[in-house]
Amino acid sequence: NAKPIEARYITRLILGELRIGIGEGNIRDAVAKAFDVPAAAVEHAFQASNDLGEVAVLAKSGVGALETVRVELFRPVKMMLARQGTIAAMLEEERVLAAEYKYDGTRFQFHKKGSECRIYSRKLEEVTKAIPDVANMLLEATTHDAILDGEVIAIDEDTGRPLPFQYVLRRFRRKHDVEGHMQKIRLVPNIFDIICIDGRTLIDEPFSERRKILTESVSRYVAPQIDSDDIGTIEAFYRSALADGHEGIMIKSRSAHYTPGVRGKEWVKIKPAVDTMDLAVIGAEWGEGKRAKHFGSFLLACRDELGELIPLSKVATGISDDMLDILYEMLKDIVISESKNTVTFEPDTVFEVGYAEIQKSPTYEAGYALRFPRFIRLRDDKSVEEIETLQSIEARFAEQTKRLQG
DNA sequence: GATGACTGCCC
DNA sequence: ATTCTGC
DNA sequence: GCAGAATGGGCAGTCATC
């Protein structure tokens, strides 16, 4: 009996995507207003407890109650996040910076109390059983009760160098045959922060202080770090990170508190500029939401020795609304075939596409796929005869492997 | 029991 | 993850 | 500057179906 607009929200309610503009931020502000306490106090209590319901109850008793909230073991807090940025801009903000490797693995939060421990993923799911080897390594790394923050990577047994991210994925959330994969893929934790030690909450300590506590209380797997006020030194550190097969570096404010769930300017990631290649647009999928009535993503192909077009990746991000419109008008008339969600085009269009890395792909015919593909621009000046070839992609992959594997 | 579509989560 | 957009 | 909304590859897990 529901009217269309009602049906819409009933459906969203069931799907868990209400999208009515009331997210955590608004609830937090509402709690602050309802009980006449500062929003910052509510925010801080929420960051430490990760429980808005509990925060609301405490807020009712006033600011004093909110200030009693502590980070607790086995109640994970959200991870502090980083933004993209530059070393130069960061150095204008702060004279001395901390720099660490940026590991291409999976973030974790380790909680330990005595001989009991748990490991949580970025979404705060417990993954202890999937990576018991890592749990043991971390247990042995400190005698303290603590909450540690870090990144697990897979490493090559022989060379000790990092393996591609895909290897970590094969282990991180595994439930079956954990033992078997433990032998095949060696994981190593890298710890770069400490959130709690022996009952003491550290989120309001400056990073320099947390780092000091970390190095004093954890004996193994602590991520290397340098402090520097010199751009040349930090750039050299960045080059050494890449030379060692890492993704780049993180640069961090030494005075910053640990702010759970916040993607602030205190942590900045530095990665290589994107590479680019020209590929043919051979198909698309219909979009959803604000991309309804448009193509939402585009299937891309390279050429093989015979000139055949071989699917390699899709691309969807990096396209402005205007360009999305232009592309629709351009491509809608050269649709060759159409099935449920997809269309194929006469291959006549070339995109320049940016990417972070070439990956081995089990899904694409090319045997490779692009990691983090993004639309750069339409190459109306190029024909499909001039696009990237499978051979040149293999060459790029070999070059990349040489760089990563030394 | 094998295969494939789909989901959720890692980046 | 990246990117764009409206506020 | 921020939050929200589009979307990428790829992995394990789940469930329906052959």
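Only this structure's heavy atoms are used, side chains among them; waters, hydrogens and symmetry mates stay out. Given the structure is predicted, the values throughout are model-derived calculations rather than measurements. Proteins get letters first, then strands, A, B, ... in listed order; numbering begins at 1 in each.
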| Considering heavy-atom distances to DNA chain C, does A/D321 or A/R122 have its closest nucleotide positioned more toward the 5' end? |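 By nearest-heavy-atom nucleotide position, the 5'-most residue is A/R122.
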
| query | Start at the 5' end of DNA chain C and walk down; is the nucleotide closest to A/S320 or to A/R263 reached first? | reply |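 Nearest-nucleotide comparison on DNA chain C picks A/R263.
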
| query | Given A/F237 and A/Y101, is the ring-ring contact (aromatic ring centres under 6.0 Å, His included) satisfied, shown in steps? | reply | CA-CA 8 Å; A/F237 185 69; A/Y101 293 157; 5.1 Å; yes

Atom-pair distance ([atom1] on [X]; [atom2] on [N]), nearest Å:
X: A/F351; N: D/dG8; atom1: CZ; atom2: P; answer: 13 Å
X: A/Q166; N: D/dG9; atom1: CD; atom2: P; answer: 12 Å
X: A/E357; N: D/dG8; atom1: CD; atom2: P; answer: 19 Å
X: A/F295; N: D/dA6; atom1: CZ; atom2: P; answer: 18 Å
X: A/R170; N: D/dG13; atom1: CZ; atom2: P; answer: 13 Å
X: A/K175; N: D/dT14; atom1: NZ; atom2: C1'; answer: 9 Å

Classify [X] by what it touches in the nucleic acid, base, sugar-phosphate, or nothing, heavy-atom distance under 4.0 Å.
X: A/R107; value: sugar-phosphate
X: A/G105; value: sugar-phosphate
X: A/G287; value: sugar-phosphate
X: A/R173; value: base

| query | Taking atom types as modelled and ignoring hydrogens, do the side chains of A/Q359 and A/S361 form a donor-acceptor contact shorter than 3.5 angstrom? | reply |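 No, A/S361 and A/Q359 have no side-chain donor paired with an acceptor closer than 3.5 Å.
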
| Is the closest side-chain donor-acceptor distance between A/E385 and A/S383 under 3.5 Å? |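 Looking only at side-chain atoms, A/S383 and A/E385 do form a donor-acceptor pair, the distance falling under 3.5 Å.
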
| Per the atom types in the model, does the base of D/dT7 pair as donor or acceptor with the side chain of A/T317 at under 3.5 Å? |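 Under the 3.5 Å cut-off, the side chain and the base do not form any donor-acceptor pair.
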
| field | Residue-phosphate contact under 4.0 Å: A/K271 side-chain N/O, C/dT2 OP1/OP2 | value |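 Result: yes.
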
| query | Between A/T142 and A/S217, is there a donor-acceptor pair closer than 3.5 Å when you use the side chain of the first and the backbone of the second? | reply |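 Yes, the answer is positive, given that a donor and an acceptor are paired below the 3.5 Å cut-off.
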
